[in-house]
Amino acid sequence: VSGRDSLNIVFKASEVLHKIQEFSRMSIEQARNAFELGKDSRDWKVENAQNDFKNTGRKPENIIVVNYRPFDHRFTYYTGNSRGLYSSPQQSIMQHMLKDNLSLCFIRQYSGDDEYSHALVSEYMVDNRCFFSSKGIIQQAPLYLYKPTEPKRKTQTMMLFEPEESYGKDGRKPNISKEVLEKLEKAYKKKFSPENLLHYVYAILYGNIYREKYAEFLKIDFPRIPFTSEYKLFLQLAELGEQLTNLHLLKSKILNKSIAKYKGKGDDRVEKPKYNEERQVLFINEKNYFEGITPEVWNYHIGGYQVMEKYLKDRKGRLMEDPGHYCKMATSIAETILIQAKIDVLFKLVEKKVIE
């Protein structure tokens, strides 16, 4: 939701209102210099960002969590107004992520010689550069769509309002193509949950064989998902996808037993990280370090980022305030690698019987 043409507020939640108020009270050039904003662009200007906050009013409920980078959550102030604090807040999509939801994030196309690894689940809005710093805008697909608070007006027909759509008692409906659901239910002769479908897709996207086999196609268009005609196999992959989901949301019970430990008697400040592959030790300064970080975990990529390294780079000069979070990241990645091997075994069976 942010990107280059935005005011990135990356402070603690308790600081966001204070900082945004401070920003709105400064002169344009003072704000530009204090927040290192650079030049105005066509769709984003310091003055417009200041006015967005002033016109919206001080609302603590506008402080939300955003998935800034893999495993890296930040707080921001979100009004949903275009060309304000954000140049393109994508309100039509992001409104669904302001409530209880889950989403699949991916890239439509990607460049480079690296393996496709551009998939992530999130409970929050996602920064449009979550996978890349400068190339490849993320696509975020909410699992559920919530009923709009106001009816949408028709512009090309005689109808004043759209007909009432079928939402559940909780005011939401699955964001899944009706044609896809009917095709799968016909093949399986059973019904399944929207979560089952998302988890199956997520498992496929994390298959090493899938990524290698369809590498060239993944560079030019949306990921295409092969669906097995075997319901039992569908559920097996959905189960692995669910495990991945819980790992990547840092909700898995497995994370309570971390593979990494934080040690040392330094000042906990992140300086220039140094990784010792032989000892499997990662120093964040001369005296503080993490042990138990395997080379596979240290080198693991999601999108264009080496996850463990990127997290530290973004905190250079800051205190390592939550080393436990970093240990969970390491454990999550280690478990992900193990699950990917299981997915590969099942994926070979998927391709034998695919729904056409």
Side-chain angles (χ1 to χ4, degrees), residues 1-101 103 105 122-134 137-138 140 142 146 148-150 152 269-270 310-311 313-322 325:
V1 295
S2 61
R4 181 176 60 83
D5 299 331
S6 309
L7 175 67
N8 255 331
I9 301 297
V10 294
F11 307 100
K12 296 178 182 178
S14 59
E15 297 177 321
V16 172
L17 273 179
H18 171 73
K19 290 293 183 181
I20 203 73
Q21 284 178 317
E22 181 183 343
F23 163 77
S24 67
R25 291 168 181 165
M26 294 178 175
S27 70
I28 293 175
E29 292 310 312
Q30 282 178 330
R32 191 189 310 280
N33 294 330
F35 288 83
E36 301 179 353
L37 298 174
K39 296 181 180 180
D40 288 347
S41 68
R42 184 194 67 180
D43 295 327
W44 193 89
K45 303 181 187 302
V46 172
E47 183 177 11
N48 291 349
Q50 291 176 319
N51 290 335
D52 188 20
F53 178 75
K54 293 175 183 177
N55 296 336
T56 305
R58 184 179 184 277
K59 296 181 178 180
E61 61 268 28
N62 284 348
I63 300 173
I64 64 165
V65 179
V66 61
N67 213 148
Y68 180 65
R69 296 291 182 264
F71 299 107
D72 190 350
H73 300 137
R74 310 288 183 94
F75 290 96
T76 191
Y77 193 87
Y78 183 82
T79 65
N81 298 322
S82 296
R83 299 187 179 185
L85 285 163
Y86 289 90
S87 61
S88 182
Q90 302 296 322
Q91 173 69 2
S92 62
I93 297 173
M94 298 307 170
Q95 62 178 312
H96 304 294
M97 298 308 301
L98 292 173
K99 300 177 181 179
D100 181 32
N101 215 336
S103 65
C105 307
S122 180
E123 299 176 288
Y124 309 113
M125 294 184 185
V126 176
D127 185 274
N128 69 5
R129 300 296 180 185
C130 186
F131 291 147
F132 273 121
S133 59
S134 60
I137 295 177
I138 200 169
Q140 183 169 22
Y146 280 85
T149 54
E150 296 180 2
K152 297 179 182 179
R269 193 169 299 278
V270 180
K310 178 62 177 172
Y311 187 89
K313 278 186 174 181
D314 285 347
R315 284 158 178 77
K316 186 176 180 179
R318 295 165 55 189
L319 295 178
M320 175 60 76
E321 295 181 330
D322 190 1
H325 177 86

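We count residues from 1, following the sequence as given. Remember, it's a predicted structure, so these values are computed and weren't measured experimentally.
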Side chain to side chain contact (heavy atoms under 4.5 Å, CB included) between S88 and Q90, intermediate numbers included
CA-CA 6 Å; S88 182; Q90 302 296 322; 2.6 Å; yes
Would E22 and S24 count as a side-chain hydrogen bond (donor to acceptor under 3.5 Å, both in side chains) here? Give the steps.
CA-CA 6 Å; E22 181 183 343; S24 67; over 6 Å; no
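Note that CG of N62 and OG1 of T76 are 10.0 Å apart. Values are rounded to the nearest 0.5 Å. Interatomic distance, Q21 CD to F53 CZ, rounded to the nearest 0.5 Å: 4.5 Å. With values rounded to the nearest 0.5 angstrom, Q91 atom CD is found 8.5 Å from T79 atom OG1. To the nearest 0.5 Å, atoms NE2 (H73) and OH (Y68) are separated by 13.5 Å.
Side chain of R32 to backbone of G38: a donor-acceptor contact under 3.5 angstrom is found. Looking at N33, its side chain does come within 3.5 Å of a backbone N or O of E29 through a donor-acceptor pair. The backbone N or O of S122 sits less than 3.5 Å from a side-chain atom of S103, completing a donor-acceptor pair. Side chain of Q140 to backbone of C105: no donor-acceptor contact under 3.5 angstrom is found. Looking at Y78, its side chain does come within 3.5 Å of a backbone N or O of P89 through a donor-acceptor pair. T56 places a side-chain N or O within 3.5 Å of a backbone atom of D52 that can act as its donor or acceptor partner. Between the W44 side chain and the R83 main chain, no donor and acceptor come within less than 3.5 Å of each other. Remark: the backbone N or O of R69 is paired with a side-chain donor or acceptor of N67 at under 3.5 angstrom. Within the 3.5 Å criterion, the main-chain N or O of H325 finds a donor-acceptor partner in the side chain of D322. At least one donor-acceptor pair closer than 3.5 Å links the side chain of R269 to the backbone N or O of G317.
Among all heavy-atom pairs drawn from M125 and L98, the shortest one is CE-CD2, 3.2 Å. Minimum interatomic distance between S92 and Q95 (heavy atoms only, all atoms of both residues): O-NE2, 3.1 Å. Taking each heavy atom of V46 and I28 in turn, the nearest pair found is CG1-O, 3.8 Å. The heavy-atom pair separating I138 from C130 by the smallest distance is CD1-CB, 3.8 Å. Scanning all heavy atoms of the two residues, the minimum distance from F23 to Q50 falls at O-NE2, 3.0 Å. When all heavy atoms of A31 and M26 are compared, the pair lying nearest together is CA-SD, 3.6 Å.
Ring-plane geometry between Y146 and H96 is classed as parallel, the angle between the planes falling under 30 degrees on a 0 to 90 degree scale with a further cut at 60.
For D72 and R74, the salt-bridge test passes: some basic side-chain N is under 4.0 Å from an acidic carboxylate O.
Other residues, nucleotides and ligands place more than 12 heavy atoms under 6.0 Å from the CD atom of E61. Heavy-atom neighbours of E47 CD from other residues, nucleotides or ligands within 6.0 Å: at or below the threshold of 12. Applying the 6.0 Å contact sphere to NZ of K316 captures no more than 12 heavy atoms from other residues, nucleotides or ligands.
With contacts defined as side-chain heavy-atom distances shorter than 4.5 Å, the pair F75/V65 qualifies.
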